[in-house]
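Inspection log for the structure reproduced underneath, given as structure tokens.
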Amino acid sequence: MLVALLPALAIPNLDGTMVIVALPTMGADLGASISDLQWITVMFALGNATLLPVSASLGDVYGRRRAMLIGYWLYLAGTVAAAFAPSVGPLLGARAVQGFGMALLFPNALANIGVVFTERERGRAVGIWIGLSSGALIAGPLMAGWLVENLAWPSIFWTTAAFTVVGALGLFRVVPDDRVRRQTTVDYPGIATATVALFFLSFGFVEAGRRGLTAPIVVGSLALALVAIVAFVLVERRSSHPMIDPALFTGSSFGTLLRIGVFVNIAVTGVFFLITLYLQALLSMSPWTAAVILAIVFVPMIFSPYIAGSVSDRLGFARPLVAGMGFMSLTLVWLGLVATADSSAMMITIPLALFGLGLGWHFSTESTAVVSSVPPTFASAGTASLSAVRQVGASVSVALFGTVATFSTQFRSRVGLELSGYDLSQVRFATFDGEMTDQVEHVIRSASADAFGDLMLIAAALFALGVVIALPLIRRSAVRR
């Protein structure tokens with residue numbers, strides 16, 4: 001059964017890493033700006049986050065296999081549309097549909113594992129599932145690097161489309177129907193207000209990098225996001241069927257894990273969004289070279305989830321969870337300190353590979369913790385909630401990190417550019433054009449590399465914040481023992 005569920009995690013891993021490698025080439029071919037590249041990533045996360053509450057309901061009521069099959073075909077439709085996209089606009093719509101499909105896959109697959117395996121086996125089962133699926137994180141960059149250099153960027157979507165068909169057929173043939181027949185009602189007001197809040201929050205941060213924080217459209221967008229957030233809280237307090245069932249919070253561990261998930265995924269998504277731009281645009285590496293480095297980063301994720309799962313089975317999830325986040329914080333501090341405009345591949349690859357080691361460990365312990373913190377009746381709802389906060393973190397991350405990277409680049413290049421008379425408001429992170437003088441390009445390249453280092457230190461601080469949030473889990477587990 002684990003083998004049949006592998007594509008549910010392998011395909012989004014494949015998609016994410018292939019798109020990351022192809023982003024600079026897609027931007028050049030489509031005439032996309034840095035904010036457009038942000039939206040290509042953000043729209044997938046927005047689509048995913050929007051449908052996750054429905055994913056939980058469909059999985060728990062109509063059966064997890066049926067929900068996953070719908071997800072596969074939705075994702076396939078979005079992937080084919082992305083391959084044919086002639087410009088940025090249609091590509092963004094296709095990415096949203098891909099996100100809708102993925103929303104139905106991961107939480108229901110993880111819920112199946114949580115229900116089938118006992119508590120003593122669950123950590124290793126999740127570790128094996130994540131570890132084997134992580135092979136796609138290695139294959140994705142390598143495949144994308146070769147495809148982009150030798151064919152064209154749409155070929156990455158045709159590749160994931162083929163894997164999607166295989167995954168759907170395997171699920172249909174191997175995984176039995178599992179309708180749970182639990183009565184529920186979809187919280188449409190909650191979904192609507194959450195979607196509006198997430199969209200305008202992401203839009204505001206993305207456009208701030210292009211228009212400035214004081215632009216009326218940016219201020220208005222962030223104000224609308226705040227209103228929607230307040231409306232969401234009010235709606236959920238009065239709802240008889242909220243998006244996340246209050247029964248899930250009878251043990252406080254679940255709420256703590258969701259808070260950790262937000263901050264961790266802001267950090268993780270921001271790191272991988274910026275790293276490919278840093279490698280290709282600032283260090284002038286080819287797509288293939290950048291792909292090889294990313295593949296090396298993901299190699300440890302094949303075995304570290306299994307080790308983490310075994311440790312969690314013996315010690316509980318709290319201590320391994322804290323240790324993993326602390327380790328990743330240190331690796332990002334290392335990366336932030338060594339990242340310059342002329343860093344060697346080796347200087348960057350070593351801390352990145354160690355970060356990948358910690359990332360596989362973390363995802364295994366976090367997933368095990370969530371499926372162990374909710375009753376089987378709410379298995380899909382619990383794992384969908386984890387996926388939702390991950391996608392919220394991803395949406396905010398790409399918008400926030402891309403914008404902060406641009407502001408940091410402008411700040412760090414101000415002296416050199418003011419002396420040359422260059423308009424500082426035109427500066428964008430890792431963005432160059434043929435009209436720049438060599439001096440201006442050198443200043444912006446160095447400032448962008450320094451900004452990348454700044455963002456790695458911010459990501460490290462987010463992991464450290466996750467450690468602080470998780471410390472009560474250790475005390476709580478000690479009391480239970």
Side-chain angles (χ1 to χ4, degrees), residues 12 16-17 19-20 34-35 37-50 52 99 102 106 194 197-209 222 225-226 229 255-278 321-322 324-333 335-336 352 355-356 358-363 365-367 369-370 385-408 429 451-470:
T17 53
V19 170
I20 284 173
I34 182 67
S35 61
L37 298 184
Q38 289 173 266
W39 274 114
I40 291 172
T41 305
V42 166
M43 285 304 291
F44 180 89
L46 282 174
N48 199 319
T50 299
L52 277 168
M102 279 299 105
F106 174 79
L198 189 56
F199 175 81
F200 281 109
L201 189 66
S202 299
F203 183 85
F205 280 125
V206 169
E207 292 303 305
L222 295 178
L226 181 60
I229 290 172
T256 301
L257 292 168
L258 293 189
R259 289 193 295 274
I260 292 171
V262 172
F263 291 111
V264 165
N265 280 276
I266 289 176
V268 170
T269 307
V271 169
F272 285 113
F273 174 73
L274 294 178
I275 188 63
T276 185
L277 297 175
Y278 172 73
L321 185 68
V322 170
M325 290 188 291
F327 179 79
M328 285 187 287
S329 180
L330 293 176
T331 62
L332 289 177
V333 170
L335 179 60
L352 273 176
F355 178 73
L359 191 59
W361 178 287
H362 173 79
F363 281 153
T365 54
E366 182 185 50
S367 299
V370 168
S385 299
L386 173 62
S387 295
V389 298
R390 284 178 174 175
Q391 294 308 317
V392 169
S395 300
V396 174
S397 173
V398 174
L400 183 61
F401 269 58
T403 300
V404 173
T406 289
F407 286 152
S408 179
F429 173 78
F452 174 80
D454 295 340
L455 269 295
M456 294 306 100
L457 296 178
I458 291 174
L462 289 172
F463 277 109
L465 180 59
V467 170
V468 174
I469 296 173

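Note that this is a predicted model, so its numbers are computed, not measured.
In this pair, Phe355 and Phe272 present their aromatic rings tilted. The plane angle is within the 30 to 60° band.
For Phe200, the side chain to side chain contact (heavy atoms under 4.5 Å, CB included) partners are Val196, Ser221, Leu224, Ala225, not counting sequence neighbours. With sequence neighbours excluded, the residues satisfying side chain to side chain contact (heavy atoms under 4.5 Å, CB included) with Ile469 are Thr256, Arg259, Ile260, Phe263, Leu465. Residues meeting the side chain to side chain contact (heavy atoms under 4.5 Å, CB included) test with Val404, sequence neighbours left out: Leu400, Leu455, Ile458. Remark: Ala464 pairs with Ser329 by the side chain to side chain contact (heavy atoms under 4.5 Å, CB included) rule, at least two apart or across chains. Legend: residues meeting ring pair (Phe, Tyr, Trp, His ring centres under 6.0 Å) with Phe401, ordered by chain and number and at least two apart, are absent. Residues passing the side chain to side chain donor-acceptor pair (under 3.5 Å) test with Thr17, sequence neighbours excluded: none.
Shortest non-hydrogen contact noted between Val333 and Leu457 is CA-CD2, 3.9 Å.
The CZ atom of Phe273 lies 6.0 Å from the CG atom of Leu37; values are rounded to the nearest 0.5 Å. Distance check: Leu335 CG to Ile275 CD1 gives 5.5 Å after rounding to the nearest 0.5 Å. Rounding to the nearest 0.5 Å places OG1 of Thr365 at 4.5 Å from CG of Leu321. Between His362 atom NE2 and Phe327 atom CZ the span is 14.0 Å, to the nearest 0.5 Å. From Thr331, atom OG1 reaches atom CG of Leu352 across 8.0 Å, with rounding to the nearest 0.5 Å. Rounding to the nearest 0.5 Å places CG of Leu359 at 10.0 Å from CD of Glu366.
Under a 3.5 Å cut-off, the side chain of Thr269 and the backbone N or O of Ile266 do not form any donor-acceptor pair.
For the pair Phe429 and Leu274, the minimum side-chain heavy-atom distance is below 4.5 Å. Taking 4.5 Å as the limit, every side-chain heavy atom of Phe452 sits out of range of all side-chain heavy atoms of Leu277.
Here salt bridge (Lys or Arg N to Asp or Glu O under 4.0 Å) pairs that include residues 453-470, with residues two or more places apart or in two chains, are Arg412-Asp454.
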